[in-house]
A.B. asks: 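This structure is in structure tokens; I'll ask about it shortly.
In this chain, residues are counted from 1 in sequence order. These numbers come from a predicted model, not from an experiment.
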Amino acid sequence: MCGSSPMNLIIFSVGRDSIANSQSIPKKKTEKAVWISVIGLMATNGYEGGLMMIEELTTNAQQIQDEELGEILSRNAGTEYLRGFLHGQTEKQLFKKNVPIVTYEDLKPYIDRIANGETSDILVAEPVTGFYLSSGTSGGQPKLIPVTAEYLKKGPLVGTFSEPPTMRHFGDINQAGKRMELMFARPEIETPSGLKAATFSTSMYSESKFRTNLPKLYTSPIETIFCPDPNQGLYCQLLFGLIQRDEVVKVGSLFASTVLRGIKFLENHWQELCYDIKTGRLSDWITDSGCRNAASLIMKPNPEQADLIESICNYKSWEGIIRKLWTKARYIGCICTGAMRQYTTELEFYCRGLPLVSAFYACSETFCGLNLEPLCKPCDISYTLLPNMAYFEFLPVKNERDESFEMKSNDEDTELVDLVNVKVGQCYELVVSTCAGLYRYKVGDVLMVSGFYNNAPQFQFLERKNVILSVDHEKTSETDLFKAVTEAKALLDPLGFILTEYTSYVDTSSAPGHYVLFWEIKGKEGKHCKELDPKIMVECCSRMEESLHYTYKIYRKRSIIAALEIRVVKQGSFEALMDYFVSRGTSLSQYKKPNCIKSEEALKLLDSRVMGKYFSPKSPL
């Protein structure tokens, strides 16, 4: 995941509460020494101290990477897993030669043994204290990622480093006001061993430091974050954000999709919210006792505020609505790269003029890097990898055909590249080794090197690996699909319509099979999508096919693939899709809409909401 989250605030406040005497940064230091130096520099020099540490880390990237791997191996070479490859040795070259490149499925039997009660030294010498649950919506079932005390020490470093670049442009928002961030926790799962498993966001919201700072720095009470009903929690978080709108200096959530979910929810409930603010009473359908107790401490009748919000929401167009409702907001903080990039057009419509900031790049397996230029457009964001977070290697990803962007890598024949040796313009799949028991582990993210900051590479996040469509032997990647959709939706913009959401699947119920796209379209200035000329949708189908790769076009011409189809669904269909996944255990904070639907139930849900079906009339040239 790449973005801006409440984690930054928690850690930054910890760092500023402590002061270290030394400001000098020696060339070689332990993780604890790095942390002490960061605290000292930032306590004395503010955000400039954090920027100085970033300079140090990126300048000495190779040395720090070698130390990181050395520390991982010295601690864990004797574990059952590594002992079979290294025989107790810790040399880097032996590690690179003998330890295989693996996926989660390769390590799952070892992780399951720990979750079922066996000792942690199967994988890691340090005791496993719990597990992070991946979101599970972008690539399948949630994964159990081991967590150790050493791993948790990495969090403060990333949080501390990601705050200074943002502060450089927007000032210290911690001192300026409150954040209206939409946050949702899910219940923890207890494994047979007794160890708890939770999403990263739920673990973060459970931290005592976060709970202590929450009333001062956020508009949402803790009860609304842990509300078991996401819709009740969302309603109350929006309500309290509106009540405190004059104090809000940042709006956001973990993902852009969640911010949009909040705005669409507001569109459907603003009159009810205004009535609650006017009367000082919470709607009766909010039955959660925690939310009602929190409301009783905050709410009081405020008809003037309610009338002002009502006058803003009554406008025919909601363009710039975020800026109008929260006039002191300095930026929108959320992930808007990778799978979230499809939401940026609609989000920019609602926030008109407010920057969209993705502060860092992280995944369930490890923290990775920072966005050092928070003001750049979402399409231009690059993340600078921090060499002290994990040992990073990169599997070159090759383009095997003309006019296409197919991701393919052969682990058997390809040598992994070290962090400092990657090449600008080349694409790689990220491989990490961590202090928590993941060794040469393929994260599944495909990155492109966009440049270097000192000696540390900067990457653009391209896509998740293996999220593809395929009827025969052609392979259409997430990036292929995004490019084609981007070309096609450009036909809608001049007509006053916005493509708000899309997903896809391969329909093989008849021969030959074909690609199906589900589109949700919204009209600007009060327009209804029923006003959209069907000929335009047919043209969108053609434009998509023309924009897909060479192999797809050849297969279409030879009738190996049938005509591409776009199914336009009713407004709110993708909210219903989100609700479906959330009902099955996905955290609303970490929900990522799949770009390729594989669940039969999810397909049935979308098909039940189809308003129109359109096909490409001819093979692409």
Side-chain angles (χ1 to χ4, degrees), residues 1-5 8 47 50-51 53-62 64-65 157-159 161-170 254-256 331-344 347-348 355-363 366-390 392-397 405 407 417-432 443-465 477-479 482-483 486:
M1 80 187 155
C2 326
S4 172
S5 89
N8 301 0
Y47 74 82
L51 296 176
M53 276 303 306
I54 293 170
E55 290 291 321
E56 176 71 17
L57 290 169
T58 55
T59 298
N60 297 297
Q62 179 65 68
I64 294 169
Q65 276 283 273
L157 294 174
V158 169
F161 293 145
S162 60
E163 197 82 2
T166 306
M167 290 175 61
R168 180 171 55 187
H169 296 286
F170 302 108
L254 194 56
F255 291 123
Y331 66 96
I332 310 295
C334 61
I335 295 168
C336 49
T337 54
M340 295 295 120
R341 59 189 169 181
Q342 63 178 284
Y343 300 109
T344 56
L347 195 51
E348 285 171 344
L356 301 178
V357 176
S358 289
F360 65 86
Y361 165 39
C363 49
T366 188
F367 302 104
C368 299
L370 310 172
N371 175 12
L372 298 180
E373 297 296 336
L375 290 182
C376 69
K377 295 180 179 179
C379 60
D380 297 326
I381 289 173
S382 290
Y383 298 99
T384 303
L385 263 68
L386 294 182
N388 61 328
M389 292 295 107
F392 297 108
E393 296 176 278
F394 300 88
L395 184 63
V397 172
F405 189 73
M407 296 304 182
V417 180
D418 283 346
L419 179 74
V420 298
N421 294 328
V422 295
K423 298 185 183 300
V424 174
Q426 173 67 50
C427 298
Y428 299 91
E429 183 176 0
L430 180 63
V431 179
V432 301
V443 170
D445 291 350
V446 178
L447 313 173
M448 185 185 73
V449 185
S450 55
F452 277 79
Y453 185 81
N454 295 326
N455 294 315
Q458 297 179 305
F459 292 90
Q460 289 189 334
F461 185 100
L462 294 184
E463 65 183 3
R464 291 286 294 168
K465 181 88 171 164
S477 74
E478 184 180 308
T479 297
F482 177 74
K483 288 180 177 178
T486 300

A.B. asks: State, without any angle test, whether Thr479 and Glu463 hold a side-chain donor-acceptor pair at a distance under 3.5 Å.
C.D. replies: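 Yes, because at least one side-chain N or O of Thr479 sits under 3.5 Å from a partner of the opposite role on Glu463.
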
A.B. asks: State, to 0.1 Å, how close Pro396 and Val417 come at their nearest heavy-atom pair, and which atoms those are.
C.D. replies: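 Minimum heavy-atom separation between Pro396 and Val417: CG-CG2, 4.1 Å.
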
A.B. asks: What pairs with Asp418 under side chain to side chain donor-acceptor pair (under 3.5 Å), at least two apart in sequence or on another chain?
C.D. replies: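 Once residues adjacent in sequence are excluded, the partners of Asp418 under the side chain to side chain donor-acceptor pair (under 3.5 Å) criterion are Lys92, Lys96, Tyr391.
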
A.B. asks: With sequence neighbours excluded, what pairs up with Phe459 under the ring-ring contact (aromatic ring centres under 6.0 Å, His included) test?
C.D. replies: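 By the ring-ring contact (aromatic ring centres under 6.0 Å, His included) rule, Phe459 matches Phe394.
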
A.B. asks: Looking at every non-hydrogen atom in both residues, tell me the closest pair between Phe452 and Val449 and how far apart they are.
C.D. replies: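 Heavy atoms only, the tightest pair is CE1-CG1, 4.4 Å.
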
A.B. asks: Suppose we screen for side chain to side chain contact (heavy atoms under 4.5 Å, CB included). Which residues come up paired with Thr384, at least two apart in sequence or across chains?
C.D. replies: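 For Thr384, the residues satisfying side chain to side chain contact (heavy atoms under 4.5 Å, CB included) (neighbours in sequence not counted) are Thr58, Leu372, Tyr453, Ala456, Gln458.
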
A.B. asks: According to ring-ring contact (aromatic ring centres under 6.0 Å, His included), who are the partners of Phe170, at least two apart in sequence or on a separate chain?
C.D. replies: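 Checked Phe170 against ring-ring contact (aromatic ring centres under 6.0 Å, His included); matches are Tyr331.
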
A.B. asks: Nearest 0.5 angstrom please: Gln62 CD to Asn455 CG, how far?
C.D. replies: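 The distance works out to 9.0 Å.
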
A.B. asks: State, to 0.1 Å, how close Val357 and Pro374 come at their nearest heavy-atom pair, and which atoms those are.
C.D. replies: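 Heavy atoms of Val357 and Pro374 come nearest at CG2-O, 3.6 Å.
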
A.B. asks: Using a 4.5 Å cut-off on heavy atoms from C-beta on, say whether the side chain of Leu430 contacts that of Cys368.
C.D. replies: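 They are in contact (side-chain heavy atoms under 4.5 Å apart), so the answer is yes.
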
A.B. asks: Test Phe392 against every option in Leu386, Val432, Val422 by the side chain to side chain contact (heavy atoms under 4.5 Å, CB included) rule and name the one that passes.
C.D. replies: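 Among Leu386, Val432, Val422, the one meeting side chain to side chain contact (heavy atoms under 4.5 Å, CB included) with Phe392 is Val432.
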
A.B. asks: Check Glu478 against Leu462 and note the closest heavy-atom contact, atom names and distance.
C.D. replies: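 Scanning both residues completely, I find the closest heavy atoms to be OE2-O, 4.3 Å.
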
A.B. asks: Tell me every residue that passes side chain to side chain donor-acceptor pair (under 3.5 Å) with Tyr428, counting only those two or more places apart in sequence or in another chain.
C.D. replies: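 Expected list: none.
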
A.B. asks: At their closest point, which heavy atom of Ser358 faces which heavy atom of Thr337, and how far apart are they?
C.D. replies: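 Heavy atoms only, the tightest pair is OG-N, 4.3 Å.
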
A.B. asks: Determine which pairs satisfy side chain to side chain donor-acceptor pair (under 3.5 Å) with at least one residue from residues 366-380, sequence neighbours left out, and list them in order.
C.D. replies: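 Listed once each, the pairs would be none.
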
